[in-house]
Structures are given as structure tokens and as C-alpha cells.
Amino acid sequence: MIDIRQKLEEIGAFEPHADDGLLVCRCEEVTKGEIRKAVHEGIFTIEEMRRYLRNGMGLCQGQTCGRLVKSIMAAELKETPDYVEPASARAPMRPIEMEILGKDQGGAYE
Amino acid sequence: MGRIENHPILGASPEGKLVTFYYNGKPMEGMEGEPIMAALKVNGVMVHRYTAKTHEPRGVFCAIGRCTDCVMVVDGKPNIRTCITPLKAGMKVETQYGVSAKEA
Amino acid sequence: MNKTADVIIIGGGVVGCATAYYLAKSGTKQVIVLEASKSIGHGGSCRNGGGVRQSGRDVRELPYAMYGIQHLWPTLSEELGVDVEYTQKGNLRLGKTQAHLEKLQKLADNAKAVGLGVEMVDAKEVQEICPYLSKDIIGASWCPTDGHANPLTTTLGYYKRSLEMGVSYYTDAKVALLKKVRGKVRQVILTDGTVFEGEHIVLCAGYESRAIARTVGVDLPMTKLIDEMFVTEMQPHMFDIMLGTASADFYGHQAHHGSFVFGSECGYEEVTDMEDPSKLYTNAMTLSASCRAVMDYVPCLKGAKVVRSWCGWLDNAFDGVPFIGDCKDAEGLTVACGFTGHGFGTAPAVGLMLSRIVHGEKTVVDISALAPNRFKPNK
Amino acid sequence: MDIRRYDMIVIGAGPAGLSAAIEAAKHGVKPIVFDENARPGGQLFKQIHKFFGSKEHKAKIRGFKIGEELLAEAEKFGVEVVLNATVVGLYPDKEVTVKIGEEIQHFKGDSILVATGASENMVNFKGWTLPGVIGAGAAQTMMNLHHILPGKKVLMLGSGNVGLVVSFQLMQAGCEVVALCDAAPRIGGYGVHAAKVARCGVPFYLSHTIIEAEGDEYVTGVTIGEVGPDWKIIPGTEKHFDVDTICLAVGLSPMSQLLDQAGCQMKDTRGGFVPACDAEGQTSVPGIYAAGDVSGIEEASSAMIEGRISGITIAEYLGFAEKEEKESRISELEAQLDTLRQGMFAPANRGKKIEKTEEGIAISENLLVKGFVSDEEIGRFPGVTKQRKIHPVMECTQNIPCNPCQDACKRGCISIGSNITSLPVVDKEHECIGCGLCVASCSGQAIFLVEEDVEPGYGEVTMPYEFMPLPVVGEKGIACGRDGKAVCDCEVTKVRTSPAFDHTNLLTIKVPNDMLMKARFYRAKKEAAYD
């Protein structure tokens, strides 16, 4: 069980850093500062962060920034990186045109 | 940036067929079947697109189709990963602004 | 850790967070929200099409669906300090056959009877409203006051704002049972044994509400069903309306940043069987079937690339409308569940009404038809 | 058009996937292997350096050749390899959806092996999104697959084996590597790889990281700075380089998304998000296996053995092999794997600072921070002896599992012994004939032949040379030291190439006798100058 309010008190208030403008999610253009600030707004999981800021929601689906976001969030939460669970993986693993999917009837060609 | 004509380990580059493609309307040459990215790089093109939110320039980053930073408008279709899409004769390759070929 | 409160809300979804917000806004000092998973909005709240619509709804739901659109949604972004991307540009419910049109006509007539502006439009008008749609569409119902919003930022917006206003949230806090004290439901006991106690318990935990309510002898007749959605890469801006079809082939819209979000089924959902429901697997056919369904109505999207699919559980009430209200046979317990896949758009109104119920005030509209004990045998 | 069913579906035709398919096919299993790339072999095809290990690990064979060998073996045993086939989903009931060409196809396997390998980690700094900042893997892909130059002047970030190997490859392709930096205080990769780069004149900046990639539209320069103990830049330590390319080699992460998607139990480790699996690669879902980097980052050599272990395990799981057969094969393979996991760079030693070799010799401090062993330090290692007559000088100073030099010398001048990680020792009793096979066989390019007094006052140094253009006999140039700095003028006296050397040319230069233990690299006159 995580007591969000207590955890927020433990980590203290958001303090701006010089490198807050640094881009983390290249696809959706989300910065380090935005991620750090969101933690102080109660966003503690990658699942929530993706939904809140759209990091990892773009074309590459977080394949590039996932690890970076995890470590930024963990540092802000004053925890080790494994405290923050990675985003769950979903099909399709690569972007696919709808018309290609649309032809699929569940089988394979000989 | 150029091609590696003769490599100490890999030897001479494989012979390919030189074809013409169009980069923002300008004719350029590249090897048929090589990734569009390779042909652009040989022609000195570094910027593939400008991002939607902050209009930053982007180019090749991972070169294996994962990061999707190198996407361009190819034959009218946006978001084509140029690092893994083979070059064909006559292809129209355009700088992508956000998700379209025109500057917003 | 504070384990007593005026109100304990079970379920950190959009309904739970909205209820917490409206309670805090109306002056309730101590509100605790318990979320079973690690993330706020882990369930259906963030796994839906974002429809904020009135058309197509059961008449029992319409009054509060309309109330929310008239009074709550327009100012929600400013109120929460988070862009919920509310877009009120109308909803087209599309038909391709005469049977479809008859069905749509019936729904429209029902809605009109309670004062909702819904009209039938012909093929030409459909093209005028949205030129991207298939020419095979012969007509549609059109509700210009419908729209869509971003369910992710709406849920988290309510969470963030209510947190700022003093609501306490606990995640990874799975409820095992409720317990009565002196005849009144007061205690909420977690699977780890932690006991929370409140003057009032609000249960809005989706399908899981059924098992929790049962621990105090209340049955909420509903089943669960898994549904899949997908999202495309960013596309140039095309249209702002919400789309649905008469035969429920798909639903969805273009989100503000350009992606299209659609939901659909492959027909296998009713018999989906999985060992571990928390994994939220879909099967290998749904995504393709969904794409076919969408392309049948919006063929110009064929080149759009799908970047992600996901799924979520629906809590289907036996008669298709939610259970909202006090449990007459379990004093102290108020429920809101069984939203049957269309709860997101009404969540602000439901949250507001729940806060009123907790305060013993009249709900903004009459919802007695949604009473949790409404199930009666039909023979 | 129904779902196609296979005994075994392998996802990824890299070293692990191909090895597993081959091993299973040897026992009668009919595997199908999918790979999203146009060429099989995974990263092997980008690896043009010679591998370490012993014969059974395909030591001294270049990565891409190993890829070709694996492919030929797969073909021989009837393994079906489908290329340009991207597995986009892995579902319960062991169903995979594969994008092949413009179609999605469905396959079901009685067993599934996920061998999807790894992807590169990234690090962010100001300007990291500028065109010209690329992954080290991207550089390898450009050079070794597409035969194009990633840039002209490159700064490499990362001193692990990938950073070191790719730096060398960049120079082989014709790029200039202006510097190699790493935030860590010590070089992470093999000392021999670092030494190859350092003697080409590349400066190493340890405890340094990138402050900013400069440029408006693309990279035109980079500023690095020294990091203090708090990982912050120490003011005043900034250094600027004009570069057009910045290469990032900051580690790899398992590409385990498919396993997660299929519902396999996962573990969040320092090395990435990996499936919980046993020594044979069995995940928490019966019939789904993982092998190679996807289950934890190691070298390609280990991935091949892990693949074979999973292959025989799957053969037994499917009833194609007997339990005893499996067990004896696995114990054989595990012994090979154990060998590879020994030495200073063993997984168990990750992150540890090793002070002494297994022989009790102090590790070269200079090597760990500058990339080369200093003239003062080199004499203490057993491969380095002082003799007048021609003899090998083996500048192998760290315990890594590798022994091709021992096999290469038919005269018995080199001995490593039964412990594969031991440092090579020069046996003075046996006479070196200067054949140079040891020089060409050393995957770390750490062996030189040295002979005093080939003419009065002058001796000869023979070195491995893998650059273009190849110098010609009689050419006058400059001999450089281990640090890449010019030490004296020299003359090329011999250039040997042979199929047996496999593109490692042997270059012999004549230098004054007192330079024989210093001169370790050759530069043509026009490109070198004395400081």
C-alpha cells in the first residue's frame, strides 16, 4: 500500500533544476522538468505518467525514453529505479498500417 | 558524408544500381535498395524532419527502425522510417513538419 | 497514516476521483480513496473511447448525461487545472442499412422525448458534417451537443485536483471486505488486513464492486467483458466529432494531438477465457477485426499506422445501465458501478451526484431508476 | 488459410535464436525462425572484429563470419528462416502474429523461443536530439551494413566494449575519432580493445561526460566536462571539440517486450527488464523460452551457447530428445558457458574494481583511465619479455577468457595453460620463427613481434594493421607509441597479408633498438606529426 500524501510529504516540494528543459521523450517532446513536476503532483507510476504527459505514447512507444523516465521518476521519488515499474508492452511491437491489419483474417499463407 | 569505397575488413562496397530520387523536389542519386537514410546521408542531408511541438530538427538516431526519429514524408505518406525503407527509383522524399510535408 | 475519514471511496477510477473532488469541493474534510492497483485510473477509466455523449443512451441515464454536458464538462479543464481536451462538436451514429436507420430512429425518438436534440441526417448531410466517411453510409443520427474528452487526463485531473484539496489516496490498496459496525457499513478491510473506517463508504470499483458488496450481503448483478481499443500514430487534423455506428462496429475520435483512438470487438469477447485477468491480454484477432470495422466507415484512414492496442474490462449490468445510489439494505454504503462500457462521459455528473448522496442532499436529477436493488425476476 | 503450426517458433535470427534452432533441428524438431531484418545474424553482421574465447566459442573468427557459419548450419539442418518478418504480437496459446511484407500472418508453436536480443540505452544531454547524435549501433549499421560513413569527425561516449569496438570500426571506415569519453572513472570494456583505439591517437576522457551537443540544425561541435564525485560537472573542466557526429554507447537493455506481452513473469533488474527464467531459458509460461541478450546482456559468444542450451531443452520438452541426452549435452554446453563467464569481466565482477590479475600482478592503472599500458608498466606482464632474437611480445594484461594465440603458435612459444583466462606466457625455450600467426590470431590485437639488431642499431616491430590504405614496403613513416603519440621515424620493411591472417595484415617497421618496446603503431608521414 502506498500512502500518496505521505509520500508527497517525504519527497518535499518540487524544486526547479537548471536542466529541466532537457528533452526526455523524443517522440512526444516531454521534458525532464515536466516529468519531475508531475511526480510532485502525485504521478508515481509510468502508467500514470504516460497518460498524464504522453511520454512514451508516440511512434516508438517508449522504446527510447522508457529507461530514462524510470530513473528520473525514481530519483524524484527518492527510490531505486526498480521502484518504478516499466510500461506494459502491447501489440503491435512496430507501427502497422490499418489496411495491412485489415487484411488479416487470422491465418497464414502457404 | 560519403560511401566507404574500400574497407579493410569488408573489402569493396557491393556494386549497386544508381537511381534518381527526389528530395524536396530536388533530384538526387542513391543506390537502389539501400535505406533512404543512406542515400540522403551520402548527399549530405542531415535534417529529416521538424517536430510538431517545438519544431526541432531531427535526423537518424537508431538507424534500425526503433526510435522513429528519421521519419519523413515518402511518396506522400508521412511517418515513413527512412532508415529501414529501401530506396526506389523516382521516390519522392520530403522533409516532414509535424506530420505533414508542409511547414505549419 | 490516517485510516479514518468522513468518506471512504473504494476505487481510484474516474468516478472515485470525481466523487472525491466534488466532496472536497463541497467541504467534506476527510476523504480517503483506496485504489487496488498501483495506478490511479488503471481500469476502464483510462481504457475507453472518451465519448462524452447523450445520444444512444438509455432514457434512465439521459437526465444526468445531459446535466453533465450542460453544467460540468464545459468548465472542467479550468476547474481541474488540467486540459481534459473536452470537445463538443457532435456525435454521428452511422448507419449503412435500413435496419440501422430504424434502430437509430428509435433511439433518437426516445431521446427527443426527454428533451435531447438529436436528429436523423441523410447520406449527403453525413458527408457535409464529416467528409472523411464512407459513401456507403446511408444515414446517421446526429447530436450536435455530444462530444469527447481525454479520459486519461480527465481521470488524473480529478485525482490531482482533489489531492491538492486534501483528499488522501492510497494505491496498491486492495479491498478484501466491508464490515458493519452496529448495523452500519463502516469498515473497509484490505487484503493485507489494514482497516479503514468511515462514516460513509462509496463503492465504485467497477466489476470488482460486486465481490466487495457481497461481503455485506448486497448483490449487484453484473458480468464482465473484455474489450480492446487501439490508437494510431499522429495524423494531420481531420475532424473533431465523435463517431459510433448503429451496429456498434466501432467507436472513436481523433484526439487533440492527432492520433485516432478507436474501440471495437472481434466477436470473441463474450467467451474470452484467461487464467490471469490482470494481464489484460487481448487475442490475436481483435486488432485486425477492429481495423476492418473502422475502415468500413472511415476508409481514408487505411494508411494510418496503429502504434498500440490495449484492453480493459467492462462491468456490464444486467439491464445495461449502472447501479447508482444508496444500498437500502446496507446502510452507510453507496454504490456506483455497472457502467456497462459507457460511464466515462457521465463520470463528472455521477461524481457530483454521489457527493450529494453522501451529504444526504437531493441529486441534481432523479436517478431512482438506477437503484442498486432494482433487479426483479421477469417471470 | 489457417494458422500454421510449428514444433518450435524462434523469434530473432541472431546468435541465440539461430543456435537454438540448429540444436533443436539436429534432434528432429522443425523450427521456424522469424527476423525483422533483411539479413539474419542479428548484430553479428555488424561485428567485424574477431571474437574472443576458445575454438569452441569460435574465437578469432569475425562476428559476421560467425553469422554466415550459423546460417549455413541452419540451412543444413533444415531450419526455416523467414526474414523481413516482424513479430508484432505474442499471445497466450503460443500464438505469434508476424508482419511479412504487406501482410499479417498467424503462427502457433508447441514451443516458442524469444531471442530478440537487446536495444541500446540512451543518455540525454543538451542537444541530444540534434541530427548527428546517433547510437553506436546506428554507426555500425551505417558502416558495416550500408557502407556509408556516419560522419567525418566523431566523439564517442561510452568506454564499454561497444564504445571501444565501434570507435575502432569508425577509424577503419575512415572517420576521425576525436575523443572517447565516459562518465565512469574507469574504462568499462576490455583493455585490449581500449589499447587498439588509444594507439591510433584517440584521447580518453574518463570521468567526463557530454555537457552539450552544439549546432542549430545538426551537430557542429560538442563540449564535454569532468564529473565530480556528485556526478555534476566540475566548473572549468569544459573541453570543446569540433565534430559532426556524436556516438552514444552507454549500454544495452534486453528487448523483452514480447515476453511481457505474453504474460511471462518479469524481473526488473539493474541490467534491465528480463523474464524470470531457469538456466535452460524456460519462462514462467510453459513452452515459452528466452535465450541470449533478451534474458540478460552478455556477449554474442554466450548467446550462442545459451541458444544451444534452450534448443536441446526444447527438443526434450517436445519429446524429440531423451532426458539423458539433454542432460549430458547441457552439462557440456554449461562447461563452455562457464569458461566464457570467467575472468575479470565475468558477470559476477560487474562494477567491481579488480586490482590484481589472477597471477597477482598489479593491473595497469594507466590502461584503465588512458586506454594504454605505460612503458613503465608493460614489463611486468608475463607475455612481455626482453630478447634479442625475434619473439612475440604479448601485451595482454587482463584475465579474459581467450586462447587462440596458444593454438596459433605451432612452435610452442606461447602458453596459456588449461585456465583459459590466464595471461599468455612466452616460453623462451621454444624458438619463434616470426611467422606472425599469433599476431593475426589475437582478437585483441595485442601481440607484436620484436627483433633487435636486424641491422646495426635498428630492430623491427611487427604489428597487426587493419586500415586502408595498406602501407607499402619502403614507405617512410612515423612510429607511434601505445598512447598514439609519435616516438620516432620508421620505415616499412615488410607487409604481409594472407588468408590465414583473415584481413589482419602484418606490418613490419624498422625503428632504432631503443624504440622497439615503444613503437606500436604506424602512421604515414603526411598524417602524423610530432607534438
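All values derive from a computational prediction rather than experimental measurement. To find a chain, count down the sequence lines: A is the first, B the second, and so on, and within it residues start at 1.
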request  = Please examine the side chains of B:His7 and D:Met468, heavy atoms only from C-beta on, and report whether any two atoms are closer than 4.5 Å.
outcome  =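 Of all side-chain heavy-atom pairs linking B:His7 with D:Met468, none is under 4.5 Å.
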query = Looking at side-chain heavy atoms only, is the closest gap between B:Pro14 and D:His147 below 4.5 Å?
reply =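 B:Pro14 vs D:His147: side chains touch.
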ask   = Backbone N or O of D:Ile148 within a donor-acceptor pair of the B:Lys41 side chain at under 3.5 Å?
value =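 Not at all, since once roles are kept as given, no pair shorter than 3.5 Å links the two residues.
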Hey, can you pull the donor-acceptor pairs under 3.5 Å for the side chains in residues 59-79 of chain B, sequence neighbours left out?
{"residue": "B:Arg66", "atom": "NH2", "partner": "D:Glu36", "partner atom": "OE2", "Å": "3.1"}
{"residue": "B:Asp69", "atom": "OD1", "partner": "B:Arg49", "partner atom": "NH2", "Å": "2.5"}
{"residue": "B:Asp69", "atom": "OD1", "partner": "B:Arg58", "partner atom": "NH1", "Å": "3.0"}
{"residue": "B:Asp69", "atom": "OD2", "partner": "A:Arg26", "partner atom": "NE", "Å": "2.5"}
{"residue": "B:Asp69", "atom": "OD2", "partner": "A:Arg26", "partner atom": "NH2", "Å": "2.6"}
{"residue": "B:Asp75", "atom": "OD1", "partner": "B:Lys92", "partner atom": "N", "Å": "2.8"}
{"residue": "B:Asn79", "atom": "OD1", "partner": "B:Gln96", "partner atom": "NE2", "Å": "2.7"}
{"residue": "B:Asn79", "atom": "ND2", "partner": "C:Glu233", "partner atom": "OE1", "Å": "2.7"}

query = Highest number of heavy-atom pairs under 4.5 Å with chain B: which of D:Leu130, D:Asp502, D:Asn144, D:Asn505?
reply = D:Asn144
ask   = Are more than 12 heavy atoms from other residues, nucleotides or ligands located less than 6.0 Å from atom NZ of B:Lys53?
value =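 Counting neighbours around NZ of B:Lys53, more than 12 heavy atoms of other residues, nucleotides or ligands fall under 6.0 Å, so yes.
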D:Tyr218: ring-ring contact (aromatic ring centres under 6.0 Å, His included) partners, not counting sequence neighbours = none
Between [X] and chain B, with a heavy-atom cut-off of 4.5 Å, which part of the residue counts as in contact: side chain, backbone, both or neither?
{"X": "D:Met142", "value": "side chain"}
{"X": "D:Asp216", "value": "backbone"}
{"X": "D:Met143", "value": "both"}
{"X": "D:Lys46", "value": "side chain"}
{"X": "D:Thr129", "value": "both"}
{"X": "D:Leu145", "value": "neither"}

query = Under a 4.5 Å heavy-atom cut-off, does chain D meet the side chain of B:Ile9, its backbone, both or neither?
reply =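 Both backbone and side chain of B:Ile9 come within 4.5 Å of chain D.
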request  = Write out, in numerical order, the residues from residues 21-37 of chain B with a heavy atom short of 4.5 Å from a heavy atom in chain D.
outcome  = B:Pro35, B:Met37
task = Check side chain to side chain contact (heavy atoms under 4.5 Å, CB included) between D:Lys196 and all other residues, then give those that pass, not counting sequence neighbours.
result =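 Per chain and number, D:Lys196 pairs via side chain to side chain contact (heavy atoms under 4.5 Å, CB included) with D:Phe168, D:His193, D:Arg199, D:Gln445.
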note = Shortest non-hydrogen pair, B:Ala38 vs D:His146, comes out as CB-CB, 4.4 Å
